[in-house]
Amino acid sequence: MRMIGLLGGMSWESSAEYYRLLNELVRDRLGGLHSARCVLTSLDFAEIERLQAEARWDEAGELLADAARGLEKAGADVVLLCTNTMHKVAGAVEAAIDVPFLHLADATARAVTAAKLATVGLLGTAFTMEQDFYRDRLARHGLTMLVPDARDRAFVHRVIYEELCLGVVREDSREGYREIIGRLVAGGAEGVILGCTEIELLVSAEDSPVPVFPTTRLHAEAAVAFALEE
């Protein structure tokens, strides 16, 4: 079994989900007492969030690249960046290591295309919904991305940073997300990408009239497939 390197802490709430999913998936594949071989480096999200807010993306990329090098030195055979938003600096992370880097948006896009969908709504942080890095990555796979309007984007972003990243799950926020998903579907979305690793703490398939694509789970599945392939 290959060693999975997790670049996490952004937030630790979603990194805990990664750890749980990786171990459950390995157990389900191999049975018995099997669990995932993994190594985790967990960054201080307050420092990362400040760099995000100040648009100091190059500095953030250097910080994450250095952490990724540490994972490789610790024995990681593959590296996962356990956050959608920070895939804005995925290029810096990938360039810093010699082992494979599994891009979260690629794993998600493969699931969308396997479902034979072409147009998907995206829920995520304002950075992910409004900047081009995620849209462009999905476009490489032939996908069209729709995002909520400005008011809905602000709501989605606020819930992520002020609630989910702090471990707070509110029923009224879930209902708000359901309504936003409904508007995305009315606008032409054939499926919805849960494009922030914390959103899976709040929203599931039962909350959407169209298929949802949980990026944390899809990323973990891709990692386990890599770790266990012959």
Side-chain angles (χ1 to χ4, degrees), residues 3-18 38-109 122-141 143 145 147-148 150 153-154 156-162 164-166 193-199 215-216 218-220 222-223 226:
M3 179 81 78
I4 300 170
L6 302 172
L7 184 46
M10 301 165 281
S11 67
W12 72 260
E13 296 283 346
S14 67
S15 299
E17 280 294 291
Y18 267 93
C38 56
V39 57
L40 165 69
T41 183
S42 189
L43 302 180
D44 180 1
F45 190 34
E47 183 177 2
I48 300 298
E49 190 276 335
R50 184 175 66 253
L51 295 175
Q52 291 175 343
E54 296 173 1
R56 294 159 61 189
W57 296 103
D58 288 345
E59 291 177 55
E62 292 171 6
L63 187 63
L64 269 60
D66 186 60
R69 283 189 287 265
L71 288 172
E72 185 173 11
K73 290 178 182 177
D77 298 304
V78 63
V79 169
L80 277 65
L81 178 51
C82 302
T83 154
N84 280 272
T85 298
M86 294 312 297
H87 273 72
K88 179 176 173 67
V89 299
V93 175
E94 189 169 14
I97 55 178
D98 294 321
V99 296
F101 175 82
L102 293 188
H103 198 292
L104 185 152
D106 289 343
T108 301
L122 176 74
L123 300 179
T125 67
F127 308 109
T128 304
M129 291 186 290
E130 295 173 3
Q131 298 184 24
D132 290 336
F133 68 95
Y134 212 89
R135 185 188 309 273
D136 291 348
R137 195 77 182 199
L138 294 180
R140 294 187 191 181
H141 296 265
L143 300 177
M145 187 183 94
V147 297
R153 292 197 303 272
V156 170
H157 182 88
R158 182 190 64 76
V159 168
I160 291 168
Y161 279 89
E162 297 181 13
L164 300 179
C165 287
L166 301 175
I193 293 175
L194 306 183
C196 175
T197 51
E198 288 83 13
I199 291 179
T215 56
T216 304
L218 293 169
H219 205 196
F226 180 89

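Owing to the predicted nature of the structure, the values given are computational and were not obtained by experimental measurement.
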[atom1]/[X] to [atom2]/[Y] distance, rounded to the nearest 0.5 angstrom?
| X | Y | atom1 | atom2 | answer |
| --- | --- | --- | --- | --- |
| Leu166 | Glu198 | CG | CD | 10.0 Å |
| Leu81 | Glu94 | CG | CD | 11.0 Å |
| Glu13 | Ile160 | CD | CD1 | 13.5 Å |
| Thr128 | Ile193 | OG1 | CD1 | 11.0 Å |
| Lys73 | Ile97 | NZ | CD1 | 13.0 Å |
| Ser11 | Glu49 | OG | CD | 12.0 Å |

Distance-minimising heavy-atom pair for [X] and [Y]:
| X | Y | result |
| --- | --- | --- |
| Gly61 | Ala92 | O-CB, 4.0 Å |
| Met129 | Pro148 | SD-CD, 3.8 Å |
| Ala60 | Met86 | CB-CE, 3.7 Å |
| Gly195 | Tyr134 | CA-OH, 4.4 Å |
| Gly8 | Cys82 | CA-CB, 4.2 Å |
| Leu7 | Ala67 | CD1-CB, 3.4 Å |

By side chain to side chain contact (heavy atoms under 4.5 Å, CB included) - contacts of [X] (at least two apart):
| X | value |
| --- | --- |
| Glu162 | Arg158 |
| Arg137 | His103, Ala105, Asp106, Arg140 |
| Ala126 | Glu130, His157 |
| Asp98 | Glu72 |

State, with a plain yes or no, whether a side-chain heavy atom of [X] is found less than 4.5 Å away from one of [Y].
| X | Y | result |
| --- | --- | --- |
| Tyr18 | Leu40 | no |
| Phe127 | Trp57 | yes |
| Leu64 | Ile48 | yes |
| Val79 | Val99 | yes |

Query raised in the report: What do the steps show when you test Met10 against Leu43 for side chain to side chain contact (heavy atoms under 4.5 Å, CB included), and what is the final call?
Result: CA-CA 7 Å; Met10 301 165 281; Leu43 302 180; 4.2 Å; yes
Query raised in the report: Taking only residues at least two apart or on different chains, which pairs with a member in residues 52-61 satisfy salt bridge (charged side-chain N to carboxylate O under 4.0 Å, His left out)?
Result: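 Output for this query lists Glu54-Arg56, Arg56-Glu59.
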Query - Pair Asn84-Thr215, side-chain donor/acceptor within less than 3.5 Å - result: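 Distance-only check passes for Asn84 and Thr215.
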Report task. Would you check if there is a donor-acceptor pair between the side chains of Gln52 and Thr85 at a distance under 3.5 Å? Result ->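 Thr85 vs Gln52: no donor-acceptor pair found between side chains.
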Report task. Measure from the side-chain N and O atoms of Thr197 to the backbone N and O of Thr216, and report whether any donor-acceptor pair falls under 3.5 Å. Result ->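 Between the backbone of Thr216 and the side chain of Thr197 there is no qualifying donor-acceptor contact (under 3.5 Å).
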Report task. Indicate yes or no for a side-chain donor-acceptor contact from Arg153 to the backbone of Val147 under 3.5 Å, with no hydrogens or angles considered. Result ->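 No; judged by distance alone, with no hydrogens or angles, the pair does not exist.
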**Report entry** Partner of Val39 by side-chain contact (heavy atoms from CB on, under 4.5 Å), out of Leu71, Leu6, Ile4
**Finding:**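 Of the listed options, the one satisfying the test is Leu71.
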**Report entry** Partner residues of Glu47 under the salt bridge (charged side-chain N to carboxylate O under 4.0 Å, His left out) criterion, sequence neighbours left out
**Finding:**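 Result, salt bridge (charged side-chain N to carboxylate O under 4.0 Å, His left out) vs Glu47: none returned.
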